[in-house]
Structure formats: structure tokens, C-alpha cells
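Working notes, beginning with the structure itself.
Just so you know, ligand 1 is whichever comes first in the structure, and atom 1 is the first atom listed for that ligand. Counting from 1, the numbers follow the sequence of the chain as shown.
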Amino acid sequence: MSSNAAFAKGLEGVTVARTVMSRVDGEKGRLIYRGYEIGALAGHVSFEEVAHLFWKGELPTRAQLDDLKMTMAHARMVPNHVLQIARLLPKETDPMDALRTLVSALGAGHPLKQPDLSSAMMLTAQVPVLLAAFDRHRHGLDFLQPRGDLDHAANYLYMLSGKEPTSVQAKSLGTYLVMLADHSLNASTFAARVIASTWSDLYSCITGAIGALKGPLHGGAPSRVLDMFEAIGKKENAEKWMRDSLARKERLMGFGHRAYKTTDPRAEILRDLAREVCEAEFFALAQHIEETGLRLLHESKPKERIYTNVEFYSSTILHAVGLPKDLYTPTFAVSRMVGWTAHILEQVVDNRLIRPDAEYVGPEPHPAMPLDKR
Ligand code: ACO
């Protein structure tokens with residue numbers, strides 16, 4: 001197959017979909033969710049309101065919100081066979097691998113059918129339940145029943161710990177979930193849309209998206225940001241630690257973004273939230289590491305426009321709400337379920353199989369020698 005299109009490594013600058021979901025303006029540092037600036041939503045609306053916006057195209061009325069919350073609360077019951085599979089997983093399994101396995105297991109009970117809104121809502125409601133089930137299993141604890149009186153964020157924290165979260169914890173996690181819900185055609189959303197474009201089912205799309213999110217160049221960064229904070233330990237060590245890391249050609253986690261050529265607007269909002277909810281000493285260390293990292297990156301990569309990305313302060317919020325590091329990326333998935341499902345539904349409504357070209361740069365055809373003559 002030949003193509004006249006120019007080769008773009010990493011598909012940078014290539015437009016492969018039209019979407020009404022979200023717009024990233026990387027030059028101006030803007031993120032728009034279906035007509036709303038992220039700053040107008042984060043801290044002002046709940047995760048469920050944002051889910052309604054993505055799935056139905058508008059922020060809900062009070063009655064619509066109550067309806068959606070009830071639907072999602074009822075959908076939290078996970079089939080027994082899936083909980084049994086959670087109990088069979090080795091306790092040392094990475095929670096992202098557990099989530100991928102359990103979403104796939106949920107799909108085993110469903111025949112192949114085109115993704116629809118009710119399955120999207122159900123699966124979104126079930127993802128935190130799956131994570132909490134696995135987390136309790138690995139700690140030798142019994143599974144908890146979901147609480148219908150708690151919203152998505154609060155019920156997730158409750159099902160993990162068995163304790164009702166404080167309003168600050170629930171609100172902080174809710175704000176985080178709002179901010180991570182969608183981000184145009186990022187790698188995992190693209191993966192989900194590619195799978196949807198083959199007329200596959202929702203569970204397969206989400207299983208693939210979870211696999212893509214797991215990588216440290218995408219959603220796997222926030223726990224590594226906290227690893228970096230821990231390795232640095234105190235402000236005085238930051239410069240040497242980061243210089244050494246860059247000299248070894250390592251990447252500083254929480255910095256840089258394919259789309260943003262200025263600070264990620266979500267990082268600005270999360271920084272303000274972290275200032276409010278994190279311990280003062282921890283926040284001061286984080287801010288010092290951010291400033292040092294930016295200075296060193298601009299010095300060592302003067303041609304690259306590398307700024308703070310969403311993962312940097314995500315790690316501080318998830319730390320503040322008491323989540324263990326290995327649940328940071330799965331919690332990103334709890335949020336991104338909304339964006340993934342909204343994009344999948346958008347893909348199937350106006351579908352064409354996504355099938356790009358590759359430029360063949362291998363050898364020209366030559367004779368295939370018989371086995372004993374090679
Ligand atoms: N630390 C050190 N160097 C960096 C960083 C970083 N955080 N980010 C980019 N660079 C350098 C690269 O080494 C490369 O330099 P080189 O050509 O001299 O090797 C140059 O900048 C360009 O890098 P690319 O990978 O081509 O840039 P791209 O735009 O594709 O990268 C990415 C974006 C992958 C996120 C990158 O900035 C990175 O690896 N960041 C660290 C990991 C991270 O924070 N991931 C979370 C991203 S946010 C999200 O997905 C939700």
C-alpha cells in the first residue's frame with residue numbers, strides 16, 4: 001500500500017478525528033470541555049455533572065443530575081464471577097493490571113454489541129468498585145458493599161478504606177476527577193477509538209485504553225513524581241538530584257507534554273488545590289522541585305518548550321487524599337472512563353475504520369533461500 005501523506009513520527013500534528021468532546025489549545029494553555037473552560041468547571045461542578053456534560057452534551061439540571069447519580073449508584077453492583085477473579089489475582093499484581101483484567105472479565109459476560117450509553121454509565125460506575133475490591137483483596141480485607149448515599153468520588157474512597165472520607169478529601173478527589181475526565185485525542189483515547197472503529201465492544205475498547213494509559217509517558221507518571229519527591233527528600237537535594245538525572249538522559253516526571261507548549265492549565269488549578277489541601281512542608285518541597293525542574297529543563301533543552309504537566313500536582317492531591325502510589329494511575333482511569341466512553345460513543349456514531357499507513361523502509365524483495373542454504 002502506498003500513500004502520499006507525509007510521515008509524522010508519533011502522529012504529531014496529524015488530525016484523525018473530529019470531536020465535540022474537548023479542545024486543547026497548547027499554545028495558550030487552554031482546555032475546553034464541550035464549550036466550557038476547565039477553570040469554569042474544576043472546583044465548581046461534580047464529577048457526575050461533568051460525566052453528564054460529556055455523555056449528553058450539556059450540564060444537567062438538578063433532576064437530571066439526581067437521575068444520573070441514581071443510575072450510577074445502582075450500577076455499582078459488580079457480578080460475582082468478577083469479584084471471584086479479583087480474589088484469585090496474586091496480591092502483588094499491579095493495580096493497573098488488575099483493573100485491565102477485571103474490566104476484561106466483566107466483558108466476558110456480555111455478547112459483542114455496539115457500545116451504548118447505558119453500558120458506558122455502568123462500566124464507569126463499576127471501575128472504582130473493581131479497584132477497591134482488588135485493593136482490599138491484596139490487603140486481606142473483605143469486600144465492602146457500595147454506598148448509594150455517597151457520590152462517585154466519596155464512594156470510591158469509602159470502598160477502599162471502609163471509612164467515610166472527610167468532605168475535604170471527597171471534594172479534592174472530585175475536583176481531580178473532573179480535571180482528568182478528558183483530554184482530546186491522547187494515546188489511551190486514541191487506542192479506545194481505534195478499537196471502537198473495528199466495531200468491537202466497549203469492554204475491549206476500555207481494556208485497550210487501560211493498557212495505553214499505564215505507560216509512564218502517559219498516565220503512569222504520577223507515582224513516579226512522588227518517587228522523585230521521596231528520592232529528593234529535601235529542598236537542598238533537588239538541584240543535584242535533577243541535574244544528575246538529566247545527565248543520565250532520564251526524563252523528569254511531571255514535566256513536558258506533546259500538546260502544551262506552556263503550563264498545562266490543569267497543573268495551575270491542581271497547584272492551587274495542593275496549596276490548600278497538602279501539608280505546608282510537603283507543598284513547599286513540591287513547589288521547589290517544580291521550579292528547579294523547570295529551570296534545569298529550560299537550561300538543558302533550550303529548544304524544547306517543556307513546562308509542568310498535569311501529573312506533577314496530581315501526585316500531590318492523590319497523596320493528600322490518602323491513596324497509595326500504585327493507585328494513582330488507576331484513579332486516573334476512574335476519571336478518564338468518562339472521556340474514553342464519550343469518545344467511543346462519538347466514534348461509533350460516525351465511524352470509519354481507523355487504519356493509517358506505514359512507509360515501508362525494509363529491503364526490496366529478493367529470493368527466499370531454502371532452509372538449508374541460508
Ligand atoms: N524530562 C527530560 N527531558 C524531556 C522531558 C522531561 N520531562 N520531556 C521532554 N523531554 C525532552 C526529550 O528527552 C527530548 O529531547 P531529545 O530530543 O534531546 O532526546 C525532547 O524533550 C522532546 O521529547 P519528546 O518525547 O519527543 O516530546 P513529546 O512532546 O513527544 O513528549 C512527553 C511528551 C512524552 C510527555 C514527555 O514530555 C515526557 O516524557 N515527560 C515525562 C513523563 C510525563 O510526565 N508523562 C506524563 C505526561 S501528561 C499525561 O499524559 C497525562
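Here Phe312 and Tyr307 keep their ring centres 6.0 angstrom or further from each other.
Contact shell of ligand 1 (protein heavy atoms, cutoff 4.0 Å): Pro216, Leu217, His218, Ala221, Leu246, Glu250, Arg251, Leu252, Met253, Gly254, Phe255, Gly256, His257, Arg258, Leu297, Lys301, Glu304, Ile306, Asn309, Val310, Glu311, Phe332.
Every residue was checked against the salt bridge (Lys or Arg N to Asp or Glu O under 4.0 Å) condition with Asp66, not counting sequence neighbours, and none meets it. Legend: residues meeting ring pair (Phe, Tyr, Trp, His ring centres under 6.0 Å) with Tyr203, ordered by chain and number and at least two apart, are His110. Residues satisfying the ring pair (Phe, Tyr, Trp, His ring centres under 6.0 Å) criterion with Phe7, sequence neighbours excluded, are absent altogether.
The two atoms that bring Glu27 and Thr262 nearest to each other are O-CG2, 3.5 Å, heavy atoms only.
Looking at heavy atoms from C-beta onward, Ile344 lies out of side-chain contact with Gln347 at the 4.5 angstrom threshold.
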